[in-house]
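Take a look at this one; I'll ask things after.
Both ligands and their constituent atoms are indexed starting at 1 by order of listing. Throughout, residue positions are numbered sequentially from 1 according to the sequence presented. We use all heavy atoms of the structure for the numbers below, so side chains are in, but hydrogens, waters and symmetry mates are not.
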Amino acid sequence: MNQQILLTPGPTPIPPETLKMESLPIIHHRTREFAELFRESQENLQYVFQTKAKVFVLASSGTGAMECAVANLISPKDKAIVAACGAFGERWVKILTAFGANVVAIRSEWGSAVKPSELEKVLNENPDTKAVFSTHTDTSTAIACDIKGYGALVSKTNAILVVDAISGLGGQELYMDNWNLDVVISASQKGLMAAPGLGFIAVNPKAWKLVLDSKSPRFYWDLRTVEKAFHDGQTPFTPAISLLRSINVSLKAIRKKGIQTIWEETKELANFTKEYGKSLSLKIFPKDPCEVLTSFIVPEGLDGEKIVQTIVDKYNISLAGGQEKLKGKVVRVAHMGFIQKADIEKGMKALAETLAASAVAK
Ligand SMILES: *Cc1c(COP(=O)(O)O)cnc(C)c1O
């Protein structure tokens with residue numbers, strides 16, 4: 001099979017040493033061998049999250065971990081503020097609404113992040129807020145939110161801050177403990193360089209009080225049960241053993257290189273991609289761009305969906321189109337995880353040729 005070049009913001013390419021682990025014979029999980037893997041991966045996860053808090057491992061995609069957060073932190077009618085900077089901020093609104101929360105949504109101006117001053121105003125108007133939900137890097141708009149700034153504000157209140165770092169973790173700077181982030185969520189298939197199927201949720205002591213108090217129904221997602229098993233190096237239900245074994249190799253590699261070095265390298269790739277786009281006269285969509293992917297505005301009169309499809313068909317390179325209201329209007333190029341500069345170069349060249357051909361055909 002001719003390997004497709006993946007420049008999509010999840011799933012992302014997987015390093016060969018990580019991939020290899022998935023084909024090993026399965027082991028039973030109620031064993032010392034699994035408990036050792038569990039403890040080792042826990043240390044590596046805490047390093048990547050930059051936290052001393054427990055990082056719970058769930059067999060789910062990232063959205064499962066988001067729902068787990070809501071079920072464990074929010075009771076029906078609780079007030080929750082969402083600082084939304086794109087489709088993934090809107091996902092918080094949808095999950096919270098499904099759980100009967102009283103949602104106050106702050107929606108940023110088209111293409112910009114919610115400013116800490118806007119959050120401050122809404123927090124002051126709503127002193128009964130239980131939790132603030134936001135997104136580290138909103139993959140739909142390629143925006144980075146100022147979660148450090150949000151953390152500084154929310155930590156002064158009784159509310160907690162919950163951050164979806166599904167696409168940002170392992171690519172864009174994040175210090176869970178130093179930035180006062182109370183709950184951080186991620187998943188296996190983006191910056192953490194493994195296959196899809198694992199969700200992560202790190203919960204600090206301030207947030208844990210809410211877990212004990214939540215009146216929302218939960219069983220599979222009940223973090224109280226997860227925490228009990230945690231002490232024995234176990235999960236309450238069958239874990240995704242192969243995936244954990246495999247991601248642990250990627251986590252070790254991140255730790256070996258140093259997460260700050262990876263943030264720097266990702267920033268360089270982001271600059272390279274943005275400069276390449278500028279040389280093609282492409283405009284960058286967000287005003288507050290993140291470093292894990294870049295979103296380019298598709299020139300007037302061209303269809304972004306068609307461009308992405310043509311590039312897959314003709315070059316076997318997978319870029320991402322737009323989501324929801326950005327469908328057809330942007331093309332997104334990821335530069336997180338194991339994505340290589342040479343492949344970004346091929347992707348950008350294919351984009352340049354396809355745009356030129358589409359402009360002629362128009
Ligand atoms: C990919 C992504 C999600 C959704 O994750 P799934 O693993 O597809 O459930 C949520 N938030 C952000 C910011 C993402 O990039």
Side-chain angles (χ1 to χ4, degrees), residues 6-14 48-49 55-71 82-96 98 105 107-108 111 113-114 132-147 150 161-174 176 181 183-202 220-221 240 243-244 246-247 250 266 270 285-286 288-295 318-324 326 330 332-339:
L6 269 186
L7 298 175
T8 46
T12 59
I14 304 174
V48 173
F49 281 70
V55 185
F56 300 114
V57 179
L58 310 169
S60 77
S61 84
T63 307
M66 292 171 77
E67 176 155 340
C68 175
V70 172
V82 179
C85 309
F88 291 106
E90 294 302 327
R91 187 163 299 180
W92 277 131
V93 174
K94 286 179 191 158
I95 300 172
L96 284 159
R107 294 184 167 93
S108 54
V114 172
V132 176
F133 292 79
S134 193
T135 321
H136 181 208
T137 53
D138 199 307
T139 325
S140 66
T141 46
I143 284 176
C145 294
D146 184 1
I147 55 163
Y150 303 167
L161 177 59
V162 184
V163 176
D164 161 4
I166 293 172
S167 64
L169 198 75
Q172 177 120 3
E173 186 180 36
L174 180 144
M176 176 167 169
L181 317 177
V183 175
V184 175
I185 286 156
S186 200
S188 47
Q189 79 276 23
K190 303 194 181 181
L192 304 186
M193 303 183 286
L198 287 180
F200 303 106
I201 174 167
Y220 189 70
W221 293 142
L243 279 176
L244 190 62
S246 139
I247 199 169
S250 287
T266 309
F285 170 70
D288 301 305
C290 68
E291 286 152 14
V292 293
L293 81 158
T294 299
S295 177
S318 196
L319 305 180
Q323 287 169 285
E324 298 180 15
L326 290 172
V330 296
R332 295 175 299 150
V333 182
H335 23 79
M336 59 178 81
F338 194 59
I339 291 174

Discussion item. Looking only at protein heavy atoms, which one is nearest to atom 8 (O) of ligand 1, and what is the separation?
Written reply: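 I find the closest protein heavy atom is Gln189 NE2, 4.0 Å.
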Fill in: Between Thr8 and Ser318: side-chain donor-acceptor atoms closer than 3.5 Å
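Absent: no donor and acceptor within the cut-off.
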Fill in: Contact partition for His136 relative to ligand 1, non-hydrogen atoms under 4.0 Å
neither
Worksheet item: Between Trp92 and Phe133, what is the ring plane arrangement, given parallel below 30°, perpendicular above 60°, and tilted in between?
Response: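 Because their plane-to-plane angle lies in the 30° to 60° range, the rings of Trp92 and Phe133 count as tilted.
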Fill in: Nearest protein heavy atom with distance in Å, relative to atom 15 (O) of ligand 1
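Result: Thr139 OG1, 2.4 Å.
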Practice prompt. Using non-hydrogen atoms of the residue, decide whether Asp138 is closer than 4.0 angstrom to ligand 1.
Written response: no
Worksheet entry | Proximity to ligand 1 by part of Thr137, non-hydrogen separation under 4.0 Å |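 It is the backbone that gets close, since no side chain atom is under 4.0 Å.
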Discussion item. One residue to check: Thr63. Relative to ligand 1, which of side chain, backbone, both or neither has a non-hydrogen atom less than 4.0 Å away?
Written reply: both
Discussion item. Please report whether ligand 1 has a polar contact with Gly62, defined as an N or O pair separated by less than 3.5 Å (distance criterion only).
Written reply: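 Yes; at least one N/O pair falls below 3.5 Å.
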Discussion item. With heavy-atom distances below 4.0 Å as the criterion, list the atoms of ligand 1 near Lys190.
Written reply: 1 (C), 2 (C), 3 (C), 14 (C), 15 (O)
Discussion item. Under the rule for ring-ring contact (aromatic ring centres under 6.0 Å, His included), what residues qualify as partners of Phe338, not counting sequence neighbours?
Written reply: none
Worksheet item: To the nearest 0.1 Å, how far is atom 3 (C) of ligand 1 from its closest protein heavy atom, and which atom is that?
Response: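 For atom 3 (C) of ligand 1, the nearest protein heavy atom is Phe88 CE2, 3.3 Å.
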